[in-house]
Structures are given as structure tokens and as C-alpha cells.
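Each remark here refers to the structure printed beneath this line.
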Amino acid sequence: MNELYKELGKDVRFIEGLKACFNCGVCTAVCPAAEVTDYDPRIIVATVQQKNDYEIEELLKSDSIWRCGECLSCKTRCPRGNVPGYIIQALRALSIETGLFTESEQGRKQLAVKRTVGDHILKYGYCVYIDEVDNDMYPEQGPVWKWLRENRESMLERLGTSYKTDKSGTLRKVSQESLDDLKKIFDETGGTKRLEKIEKDSCSKAKELKIDFSEGKDEYFKYLYNE
Amino acid sequence: MNIRKNEIWSEYQKVIADDHYYFGRSCIRQNFFPAAENLYIDILRNALGKDIYDDARQTTCTGIAYHSGLIPLETTMTVIARQFALMNEAGYENFVVSCVTSFGLYVETLQTWKHFPETEQKTREALNRATGMNFSVPKNLVHASDVIYKFRKIIAEKMKFRLVNQNTGEPLKVVDHIGCHYAKIFPQEGIGGAEYPHVLAGLIDEWGGLQVDYPERRHCCGFGFRQYLLKSNRGYSVSNSKRNLIRWKPLSPIL
Ligand code: SF4
Ligand code: SF4
């Protein structure tokens, strides 16, 4: 009984995020995700505080927990000191832990997030790196970005950066020693396990959906990223 | 005593170290504004005569991945602990964070350790097992803009151009927009708090411009982390940003 609720209760973000919600809706009023989708943080908080595992499981399988933009505007404004954004963090972690993230369209997209920022961290030492931000992936960056990228060797030198060099400074190459430290930290703290779990469960889901799954920007990635 | 609404910001002040900073770089600023951080370091070193250390060994804080629901909190806290260890090794105590999201996450890590001390202990052990490193927390942790705010009067004395129309002498109209994670998570950590952040508005005032207020001044820009990272979800970000741009237009701002 209440196994999922108990699991959530082990997460310090859940402990911090859920005091007692009286359903005022202030969080929804200020929420940028609620403005552009049918997401409603008030309903999420009201649902989890009922401690009903069936309802929590429905949330873990839903698109809604993936709609939040983590701006934390709700933290400032909740009159009861709840933080819907923190509750969402705990629900997302549990959704991946339980494998239920593949049950929703939005949850499945975590594979595309993993294969971009997740992999970039361990490859470059940065969440985002100019070599990977092309106009196919980010067309809204427009022609100036396209030109800057195409001429990045010379432009970044003119701007005084350390692009791909071993010295300190902007866009420097992160040393192998630092990358190794990151990998060891990921191994030690559950980061590697989390990323591997996303790959493994996504592989099963892709088979079920009959979409080609291998690695990198495969068909499944393209489907998740674009549609 | 009643305090006037536009002076509420003065209730929220914070300690900002005077010199000797360890600089924490930003993934987003390095890529999309590649000259910005060097300019910042140049102002601190050469205009203000301050000591700021730029470390080749630091990495991302993992913030974008963390706020996209990808990385466990334990991983993020341990990566941040490694940055603190690097700061200690370099002989510094004051951490200046370039990125607003990183700043929020560094503060959140320190607050988590304060309220759940067992998480600090676990982080120490994990960092040591992974890298052999140990760390002390910074004596002072601020965002890069806080330092500019602290020295705004000295910068005003040195600046070549004030925020004034050279032809008419009128102040230039300026809108500001503060990254959500600067003060919405921990209002006491931002100059002016969450409702009346003064860290940029104070620069406009000091440098001769005119602040222009607008209804969505405290609203999120819509970055949304995973929402922006996925092309399928990017309408979230574009819609929220467009709303702000539409609101600014009739105000004819310069920024
Ligand atoms: S603002 Fe707080 S109390 Fe009101 S609905 Fe949201 S979480 Fe509940
Ligand atoms: S953190 Fe999430 S729930 Fe809270 S206001 Fe931002 S988008 Fe909405």
C-alpha cells in the first residue's frame, strides 16, 4: 500500500515541495506551462497529497508531469510554501525509476534529451556545445547563427575565446582528466544508471512501436525530437 | 513604518565579496554570447583592478540536464562539490557564478545541505570515492551581475557613454528581464528579492537610463529546459518569449 507515495517521500525535493495544498490555483495562474498547454500544477499537487497510489501511477504515466518548464515561479508565489516544480522533479525521477516514463508521449522524449544534453556532458564537459547546435536541430537560431557556426574557427578566435584549446577561457576543450572525473561522479551517484535505464526502456518501447532503434540520431530519436 | 512599493527591493540586500573571485563559467553564455564572459573578466581585472581566477579544470554544473529531469540530484550536487574543491585548490573562497541557472542550483545545493545535513555527508563521500577530492563550501557565493551591481558607482565614474540620448539629453528607456532562477527560488539571495529585483534596475538608474515597467516583468521567458531542447516542444518557449516582446514593443525600449 502507498508504495509509490512512500518512494516519493524519500526524495528531499518532495519533502520540501509538499506541505499542504488548499487548491487556491495561484501556482497555475503564474505558470508559463499552464499558459501554453493544458498543464495544471494545482491538480498535480492536489493529486499527490491524496496519497493514492493509483492516482500517482496515472501521473507517472502521463504527459502532464513533463510539461513543467522548471522556472520555479510557483515557489515564490505559493501562499502555503509548496513547490509544484520540486514535486514534479520527484515525480519525473520516479517515472524513470519505474520505467513508466515510456508510457507517455512526453515521457518517451527523455531519450532525446538524454542523447543531446546528457551525452554532451560526458563528451564535452558542457550541457550545450556549439558543434552540436546546428540549424537543422535549431532552425529558429536563424542565418546569423548559421554563418557564425560555419565560420566558428576564425570568428571564435577573433572574439578571444579558447575554442578547442587546452587553456582556460570560453569554449575551451575540457581535459580528459576532468571528463573522467565527471564519468566517475556519474557512476558513483546514479547518473550513469539513470542514463542507461533511459536507453534500455526506450529500446523496448521503440520495438513495441516498430521504430528503428540503434544509437545517436536514429529513427526513434528523430521521431521523439521532431513530432 | 510603511515602505513605498518601489522601495521594497531595499529590504533584500546581500553580502558581495570585495575581491578575489573564482569564476564559474556558463554553458549557455559561452556558446550563444561567446565574447560576454571575457568582457566580464576584462571589466573586473582591468577596469576595477580585481583578482578573478578562470579555471581550465571546471566543467558544466549539469544544470540544464538536471532541470530537464535527466540527472539525479545526487549527481548534480557532487559535480558542484567538485567545483568547490577546485576553488579550494586554487586558493579562493568567493565563488562568482556566470549563469543564472547555475547560481540557483549552487544556492539550492547549499540550502539542501543545510536543511538535510546527511545529503552533504553523502556528497562528500561520493566525491571522495569518485575523485579523491575534498571541499569546503564557499565563504561567499554570488551571481556575476551582483558584482557589477556592487561596483556600479565606480563603473559610472569610468564609463564613456551614459544611458542618455546624446542628441536630446533624454534618458534612454530600458526594460529589464531577470532570469527566473536568480531570485524566485531563494528571494533572500537576490538583490531586491523576487518581486522587485534591483540587480539590473539599479544599473539602469545609476548609469542614467530610465526603467520602463511592464506587466510581465516578472514572468518567465519560457526557456523551459526540456521544452526548448526538443523541437517538438519549442512552441512553449517561442510563445512565452513572443508574449514578452509584444509587451515591450509599445514601450520603445532600447534593450
Ligand atoms: S499555489 Fe500552493 S496552495 Fe495554491 S494550488 Fe498551488 S500548490 Fe496549492
Ligand atoms: S516550475 Fe513548473 S509548475 Fe512551477 S511555475 Fe514553473 S513551469 Fe509551472
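Throughout, protein chains are lettered first and strands after them, A, B, ... in sequence-line order, and every chain is numbered starting at 1.
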Checklist entry - Above 12 or not: heavy atoms from other molecules or residues under 6.0 Å from CD of B:Glu125? => result yes
Next on the checklist: At a heavy-atom distance under 4.5 Å, which candidate from B:Phe23, B:Phe225, B:Phe32 has the highest pair count against chain A?
Outcome noted: B:Phe32
Checklist entry - Are B:Glu195 and A:Arg77 within salt-bridge range, i.e. N to O under 4.0 Å? => result yes
Checklist outcome for this item: Heavy-atom nearest pair, B:His219 first then A:Glu35, reads NE2-OE1, 3.1 Å
Checklist entry - Quick one: are B:Arg234 and A:Tyr138 in side-chain contact, heavy atoms under 4.5 Å? => result yes
Checklist outcome for this item: Value for SG (A:Cys71) from CG (B:Asn240), rounded to nearest 0.5 Å, stands at 8.5 Å
Checklist entry - With only heavy atoms counted, which part of A:Trp145 is less than 4.5 Å from chain B, the side chain, the backbone, both or neither? => result side chain
Checklist entry - What closest approach, in Å, do A:Val128 and B:Ile28 show between heavy atoms, and which atom pair accounts for it? => result CG2-CD1, 4.2 Å
Item to check | Which atoms of B:Thr119 approach chain A - backbone, side chain, both or neither, heavy atom under 4.5 Å | outcome: side chain
Checklist entry - So which heavy atom on B:Leu229 is nearest to which on A:Tyr225, and how close? => result O-CE1, 3.1 Å
Item to check | Contacting region of A:Asp166 [heavy-atom separation from chain B under 4.5 Å] | outcome: backbone
Checklist entry - What is the minimum heavy-atom distance between B:Thr75 and A:Gly191, and which atoms define it? => result OG1-N, 3.3 Å
Checklist entry - So which of A:Ile185, A:Leu122, A:Leu182, A:Ile121 actually passes side chain to side chain contact (heavy atoms under 4.5 Å, CB included) with B:Thr59? => result A:Leu182
Item to check | Part of B:Leu127 within contact of chain A (heavy atom distance under 4.5 Å) | outcome: side chain
Checklist entry - Rounded to the nearest 0.5 Å, what separation is found between the CG atom of A:Leu171 and the SG atom of B:Cys27? => result 9.5 Å
Checklist outcome for this item: Turns out that what part of A:Ile96 lies under 4.5 Å from chain B's heavy atoms comes down to side chain
Checklist entry - Measuring heavy-atom distances to chain B, does A:Lys114 have an atom under 4.5 Å in its side chain, in its backbone, in both, or in neither? => result both
Item to check | Distance-only side-chain donor-acceptor flag, B:Arg25 / A:Thr170, under 3.5 Å | outcome: yes
Checklist outcome for this item: Okay, A:Ile15 and chain B: the region with an atom under 4.5 Å from a heavy atom over there is side chain
Checklist entry - Considering only heavy atoms, which portion of A:Leu91 lies under 4.5 Å from any heavy atom of chain B: side chain, backbone, both, or neither? => result neither
Checklist outcome for this item: chain B shares the most heavy-atom pairs under 4.5 Å, among A:Gly125, A:Gly85, A:Cys127, with A:Cys127
Checklist entry - Below 4.5 Å, heavy atoms only, C-beta onward: do A:Arg172 and B:Gln58 meet side chain to side chain? => result yes
Item to check | When A:Gly69, A:Ser175, A:Ala33 are compared by non-hydrogen pairs under 4.5 Å with chain B, the top option | outcome: A:Gly69
Next on the checklist: Which atoms of A:Thr161 are under 4.5 Å from chain B, going by heavy atoms: the side chain, the backbone, both sets, or neither?
Outcome noted: both
Checklist entry - For the candidates A:Gln141, A:Met155, A:Lys183, A:Lys173, which exhibits the highest count of non-hydrogen atom pairs separated by less than 4.5 Å from chain B? => result A:Gln141
Item to check | Which atoms of B:Arg243 approach chain A - backbone, side chain, both or neither, heavy atom under 4.5 Å | outcome: side chain
Next on the checklist: What's the separation between atom CG in A:Leu224 and atom CG in B:Leu230, rounded to the nearest 0.5 Å?
Outcome noted: 8.5 Å
Checklist entry - Any idea which of B:Ala130, B:Ala35, B:Pro72, B:Gly224 has the most non-hydrogen atom pairs under 4.5 angstrom with chain A? => result B:Pro72
Checklist entry - Any idea which of A:Glu177, A:Glu16, A:Arg13 has the most non-hydrogen atom pairs under 4.5 angstrom with chain B? => result A:Arg13
Next on the checklist: Give me the atom names and distance for the closest heavy-atom approach of B:Gln30 to A:Gly169.
Outcome noted: OE1-O, 4.1 Å
Item to check | Partner chain A: residue of B:Glu108, B:Glu37, B:Arg226 with the largest heavy-atom pair count (under 4.5 Å) | outcome: B:Arg226
Next on the checklist: Can you confirm whether B:Lys114 is buried at NZ, in the sense that more than 12 heavy atoms of other residues, nucleotides or ligands lie under 6.0 Å from that atom?
Outcome noted: no
Item to check | Heavy-atom contact with chain A under 4.5 Å, split by part of B:Phe223 | outcome: neither
Next on the checklist: At a heavy-atom distance under 4.5 Å, which candidate from A:Val174, A:Asp181, A:Val36, A:Leu159 has the highest pair count against chain B?
Outcome noted: A:Asp181
Item to check | Under 4.5 Å from any heavy atom of chain B - which part of A:Arg158 | outcome: neither
Next on the checklist: If I measure from the heavy atoms of chain B, does A:Val113 come under 4.5 Å with its side chain, its backbone, both, or neither?
Outcome noted: both
Checklist entry - Non-hydrogen atoms of chain A under 4.5 Å away: do they reach the side chain of B:Asp55, the backbone, both or neither? => result backbone
Next on the checklist: I'd like to know if the side chain of A:Gln110 reaches the main chain of B:Ser68, judged simply by a donor and an acceptor atom lying under 3.5 Å from each other, with no hydrogens or angles considered.
Outcome noted: yes
Next on the checklist: Treating B:Lys184 as the side-chain partner and A:Ser73 as the backbone partner, does any N or O pair qualify as donor plus acceptor under 3.5 Å?
Outcome noted: no
Checklist entry - Counting only N and O atoms by type, is there a donor-acceptor contact under 3.5 Å from the side chain of B:Gln227 to the main-chain atoms of A:Arg67? => result yes
Next on the checklist: Taking side chain as everything from C-beta outward and backbone as N, CA, C, O, which of these in A:Asp131 sits under 4.5 Å from a heavy atom of chain B? Side chain, backbone, both or neither.
Outcome noted: neither
Item to check | Interchain contact, A:Ile198 with chain B, by part (heavy-atom threshold 4.5 Å) | outcome: side chain
Checklist entry - With side chains defined as the heavy atoms from C-beta onward, is the minimum distance between B:Asn233 and A:Lys109 less than 4.5 Å? => result yes
Checklist entry - Do B:Ile185 and A:Tyr86 touch side chain to side chain, with heavy atoms closer than 4.5 Å? => result yes
Item to check | Sub-4.5 Å side-chain heavy-atom contact between A:Val12 and B:His115 | outcome: no
Next on the checklist: Which residue in the set B:Ser239, B:Cys180, B:Cys220 passes side chain to side chain contact (heavy atoms under 4.5 Å, CB included) when paired with A:Pro32?
Outcome noted: B:Cys220
Checklist entry - Looking at A:Leu72 and B:His181, what are the two nearest heavy atoms and their distance? => result CD2-NE2, 3.7 Å
Item to check | Which atoms of A:Val83 approach chain B - backbone, side chain, both or neither, heavy atom under 4.5 Å | outcome: neither
Checklist entry - Has A:Lys19 got more than 12 heavy atoms of other residues, nucleotides or ligands less than 6.0 Å from its NZ? => result yes
Checklist entry - So which of B:Glu74, B:Lys122, B:Arg218, B:His67 has the largest heavy-atom pair count under 4.5 angstrom toward chain A? => result B:His67
Checklist entry - Who wins among A:His120, A:Lys193, A:Lys167, A:Lys75 for the most heavy-atom pairs under 4.5 Å with chain B? => result A:Lys75
Next on the checklist: Looking at chain A, which one of B:Leu70, B:Ile64, B:Thr78, B:Asp54 has the largest number of heavy-atom pairs inside 4.5 Å, strictly under?
Outcome noted: B:Leu70
Checklist entry - Which bit of A:Cys68 is near chain B, if near means a heavy-atom gap under 4.5 Å: side chain, backbone, both or neither? => result backbone
Checklist entry - Hey, is CZ on B:Phe116 packed in by over 12 heavy atoms from elsewhere, all under 6.0 Å? => result yes
Checklist entry - Heavy-atom distance under 4.5 Å to chain A: side chain of B:Tyr236, backbone, both or neither? => result both
Item to check | pair B:Ile71-A:Val117: side-chain heavy atoms closer than 4.5 Å | outcome: no
